[in-house]
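The first residue of the sequence shown is numbered 1, and numbering continues consecutively from there.
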Amino acid sequence: MGGFFGTVSKAECVTDLFYGTDYNSHLGTKRGGLATYAQGEGFMRSIHNLESSYFRTKFESELPKFKGNSGIGIISDTDPQPIVINSHLGKFAIVTVAKINNITELERDLLAANMHFSEMSLGKTNQTELIALLIVQGKNFVDGIENVFNKIKGSCSMLILTEDGIIAARDKWGRTPIVIGKKEGAYAATSESSSLPNLDYEIEKYVGPGEIIRLRADGMEQMRKPNEGMQICSFLWVYYGFPVSCYEGRNVEEVRFMSGYKMGQKDDSEVDCACGIPDSGVGMALGYAEGKGIPYHRAIAKYTPTWPRSFTPANQEMRSLVAKMKLIPNRAMLEGKRVLFCDDSIVRGTQLRDNVKILFDYGAKEIHMRIACPPLIYGCPFIGFTSSKSDLELITRRMIKEIEGDENKNLEKYATTDSPEYKKMVQMIADRFGLSSLKFNTLETLVEAIGLPKCKVCTHCFDGSSSF
C-alpha cells in the first residue's frame, strides 16, 4: 500500500507537509519521499529508505533545505518517489498510490514509442515514472491522467505538484481514497483524513472516483467530474485505515465497532470476556463486547514503541518474528478464562498457531476467535493488498487444496457463508490452529457496518466480484 499528503498554502508549507506525510506511516514501511516547490528556486526532492528507521528520523534533519508554499509527500511500499519531470506540460513532481498489473506491456509500448526510463528500482521500471510518462502523452494534465486511467490495469491515485499548485486525481474506480482538507490560507490532499485535525484542517471534500481537483492556496477547482461507479476497497475499514480516519464519510473505528457489535448480538458462544488483537482488532472487540453484553479485557497488549505492523516486511521469517515480538500476553487476564479474541482478518495464518499455543500456555481455558471480515478467498488484483506472490499464500486456498486437490476448485462454494464447503474450510482452519471456535463475519454484516451500497464497495477478495 502507501499513503500521500500534499499541501499548498499562502505561508511556508514544510511543517504541515512533514507531519501530514508522517501521519500516513501506518500504510507503508519501505520508502518515504518529499518534494516542495519554491518560486525562484524550483523543485526540491528527497527520498529515503524506511526499512530500518521511521519517516520522522530520516527527514527531520533535512527539513531546512525544503522551501516553498506547496509540497507533496509519500509513504510507499513500492518504488522510490516522488519523481520530478520536465515535459511539454511543464515541470512537475508526482507521487502515486498504485498497482499496475500490465506494467511490462506498458513499458514495451513506451519504449517502442522512443520513450526511456531513468528511474530503475532493483532492475525494474519505477511505476511512478511510468505513470508520469503516460501523463505527458496527453495534451494537458486532464488528458494525460485520463490516459493513465485508460491504459493501466489495476489502480492509481496520485498527487501532482506543479509550479501552480497541486493536482489530486483519484483512481477511476475510487479503490483508494483522497480527502481534501481546508484551513485559513491553505488546502491539503491526503490518503488519510487522520492527517488533518492536528494540523488544523477540516475535511472539505471526499474526492470522487476518477475526479481531478486542482488546489491553490486561495481555492479549489474541479478539473474533471467524478465517475458514477465506485469500488472503494472494503479492507480499508477492516485493516488498513487508522481508527480516526474517514472514507466516503464513514469512520473507520465506527465501522469496526458496528461490525463487532452486530456479530456479538448474533453469537451464541459462552465466553467470559472479549479482547481485541492490537491494533485493528480492538474496535471490533469493543463492539462485540457491547453487543454480546460481556466485559472487554485487555488480555494481550502491543508493545508500541518499536514494533511496526507485521504485514509489512517482505521476508516471511521476519514478518513472523515481528508478529510474535510486538504482542505480549497477560497471564493475569488469561488464566482460567474463556477468552474470545477479535482480529481484522486471517491472511496467511503463519503466526496464529504459535500465538494460540502461547495463550493456552498462559492458562487460558478456551480460546475463541472472531474475524471482522469474511474469509479471504481471492488475491487482490487492484491494490497492493499484501506482499503475497501467490494465492496459495492464503490460508483458505491451502485448505481448499487439501480438500479438493486443486486450490482453484469450487471457490464460489467456499466463499458462500454456511455452505457445506465453507463450514468444512472454517473448521479445518480452527482445528489447524487449536482454536476452541472460529467464526468469520458475513459479507452482508460487513457491508451493512460500512454503510455504503454493496455496488460501491469492492469485496473481490471475499466473493470474487470485480469491476474493471
Q.
Going by ring pair (Phe, Tyr, Trp, His ring centres under 6.0 Å), name the pairs with one or both residues in residues 138-170, residues two or more places apart or in two chains.
A. Phe92-Phe141

(Q) If you define the side chain from C-beta out and look only at heavy atoms, does anything of Phe117 sit under 4.5 Å from Leu111? (A) yes

Q: Under the side-chain hydrogen bond (donor to acceptor under 3.5 Å, both in side chains) rule, collect the residues that match up with Glu407, sequence neighbours excluded.
A: none

(Q) I'd like to know if the side chain of Arg256 and the backbone of Asp344 have a donor-acceptor N/O pair within less than 3.5 Å. (A) no

(Q) Show, in sequence, the C-alpha distance, side-chain angles and deciding distance for Asn147 and Gln137, and conclude whether the side-chain hydrogen bond (donor to acceptor under 3.5 Å, both in side chains) test is met. (A) CA-CA 8 Å; Asn147 188 45; Gln137 288 185 329; 3.0 Å; yes

Q: Give, for atom CD1 of Ile100 and atom OG of Ser155, the distance between the pair rounded to the nearest 0.5 Å.
A: 9.0 Å

Q) Counting only N and O atoms by type, is there a donor-acceptor contact under 3.5 Å from the side chain of Ser157 to the main-chain atoms of Asp171? A) yes

Donor-acceptor pairs under 3.5 Å, side chain of residues 181-188 to any protein atom, not counting sequence neighbours: which ones?
residue, atom, partner, partner atom, Å
Lys183, NZ, Asp16, OD2, 2.8
Lys183, NZ, Leu199, O, 3.0

Q: Apply ring pair (Phe, Tyr, Trp, His ring centres under 6.0 Å) to Tyr296 and list each qualifying residue two or more places apart in sequence or on a separate chain.
A: none

Q) Would you say Val95 and Ile72 make side-chain contact, with heavy atoms under 4.5 Å? A) yes

Q) Mind checking what makes salt bridge (Lys or Arg N to Asp or Glu O under 4.0 Å) contact with Lys262, not counting sequence neighbours? A) Glu448

Q: To the nearest 0.5 Å, tell me how far Thr128 OG1 sits from Ile94 CD1.
A: 6.5 Å

Q | Any donor-acceptor pair under 3.5 Å from Asp77 side chain to Lys30 backbone | A | yes

Q: Compare every heavy atom of Ala11 with every heavy atom of Asn69, then report the nearest pair and how far apart it is.
A: OD1-O, 3.2 Å

Q) Phe59 versus Leu17: any side-chain heavy-atom pair under 4.5 Å? A) no

Q) Would you call Lys302 and Asp279 a salt bridge, using N to O less than 4.0 angstrom? A) yes

Q | Value rounded to 0.5 Å, distance of CZ in Phe5 from CG in Leu196 | A | 6.0 Å

Q | Student check: side-chain heavy atoms of Ile377 and Arg397 closer than 4.5 Å | A | yes

Q: State which residues pass ring pair (Phe, Tyr, Trp, His ring centres under 6.0 Å) with Phe43; sequence neighbours excluded, sorted by chain then number.
A: Tyr37

**Q.** Qualifying residues under side-chain hydrogen bond (donor to acceptor under 3.5 Å, both in side chains), relative to Ser194, sequence neighbours excluded
**A.** Ser245

Q) To the nearest 0.5 Å, how far apart are CG in Asp22 and CD1 in Ile75? A) 6.5 Å

Q.
Would you say that more than 12 heavy atoms from the other residues, nucleotides or ligands in this model lie under 6.0 Å from the CD of Glu202, or not?
A. no

Q) In Å, rounded to the nearest 0.5 Å, how long is the span from OG1 of Thr57 to CZ of Phe55? A) 10.0 Å

Q. Considering all heavy atoms of both residues, which atom of Cys373 and which atom of Ser345 are nearest to each other, and what is their separation?
A. SG-CB, 3.8 Å

Q | Backbone N/O of Ala449 and side chain of Arg250: donor-acceptor pair under 3.5 Å | A | yes

Q) Run the side-chain hydrogen bond (donor to acceptor under 3.5 Å, both in side chains) check on Thr78 and Ser76 step by step: do they pass? A) CA-CA 5 Å; Thr78 55; Ser76 177; 2.8 Å; yes

Q. So with a 6.0 Å cut-off around NZ of Lys153, is the heavy-atom count from everything else above 12?
A. no

Q: Might you work through the side chain to side chain contact (heavy atoms under 4.5 Å, CB included) test for Met223 and Ile167, ending with a clear yes or no?
A: CA-CA 9 Å; Met223 302 174 73; Ile167 297 171; 4.2 Å; yes

**Q.** Spacing of Glu62 atom CD and Phe18 atom CZ [to the nearest 0.5 Å]
**A.** 10.5 Å

Q. Who are the side-chain hydrogen bond (donor to acceptor under 3.5 Å, both in side chains) partners of Thr459, not counting sequence neighbours?
A. Lys454, Asp463, Ser465

(Q) I'd like to know if the side chain of Asn227 and the backbone of Lys172 have a donor-acceptor N/O pair within less than 3.5 Å. (A) yes

Q: For Ala98, check side-chain contact (heavy atoms from CB on, under 4.5 Å) against everything at least two apart and list the hits.
A: Thr96, Gln127, Ile131, Cys156

Q | Flag side-chain contact, heavy atom, 4.5 Å: Ile180 against Leu215 | A | yes

Q. Between Lys439 and Asp267, does at least one N-O distance fall below 4.0 Å, as a salt bridge requires?
A. yes

Q.
Does Asn49 form a side-chain hydrogen bond (donor to acceptor under 3.5 Å, both in side chains) with Glu51? I'd like the steps, not just the answer.
A. CA-CA 6 Å; Asn49 187 306; Glu51 292 177 277; 3.1 Å; yes

Q.
Quick check: closest heavy atoms across Ile300 and Gly276, and the distance to 0.1 Å?
A. CG2-O, 4.0 Å

**Q.** Residues that Lys67 engages under side-chain hydrogen bond (donor to acceptor under 3.5 Å, both in side chains), provided they are two or more places apart
**A.** none

Q | Side-chain donor or acceptor of Thr36 paired with backbone N/O of Gly71 under 3.5 Å | A | no

Q) What closest approach, in Å, do Ser195 and Gly20 show between heavy atoms, and which atom pair accounts for it? A) OG-O, 3.3 Å

Q) Quick one: are Leu446 and Val457 in side-chain contact, heavy atoms under 4.5 Å? A) no

Q. Checking side-chain hydrogen bond (donor to acceptor under 3.5 Å, both in side chains) for the pair Tyr54/Thr29: CA distance, chi angles, key distance, verdict?
A. CA-CA 8 Å; Tyr54 292 108; Thr29 60; over 6 Å; no

Q. Which word best sums up how the rings of Tyr247 and Trp237 line up, parallel for under 30°, tilted for 30 to 60°, or perpendicular for over 60°?
A. perpendicular

Q) What are the two closest heavy atoms between Ser191 and Val97, and how far apart are they? A) OG-CG2, 4.3 Å

Q.
Using the side-chain contact (heavy atoms from CB on, under 4.5 Å) criterion, which residues pair with Ile328? Sequence neighbours excluded.
A. Tyr303

Q | Considering all heavy atoms, the nearest Lys65-Met44 contact | A | O-SD, 3.2 Å

Q. Is the shortest side-chain N to carboxylate O distance from Glu211 to Lys225 below 4.0 Å?
A. no

Q: Classify the ring geometry between Phe382 and His460 as parallel (under 30°), tilted (30 to 60°) or perpendicular (over 60°).
A: perpendicular

Q.
Quick check: do Arg175 and Arg170 have side-chain heavy atoms less than 4.5 Å from each other?
A. no

**Q.** Set of ring pair (Phe, Tyr, Trp, His ring centres under 6.0 Å) partners for Phe257, sequence neighbours left out
**A.** none

Q. Should the heavy atoms of other residues, nucleotides or ligands under 6.0 Å from CD of Glu412 be counted, would the total exceed 12?
A. no

Q | Tyr19 ring center within less than 6.0 Å of Tyr23 ring center | A | no

Q: Kindly indicate whether the side chain of Ile371, heavy atoms from C-beta on, has any atom under 4.5 Å from the side chain of Ile346.
A: yes

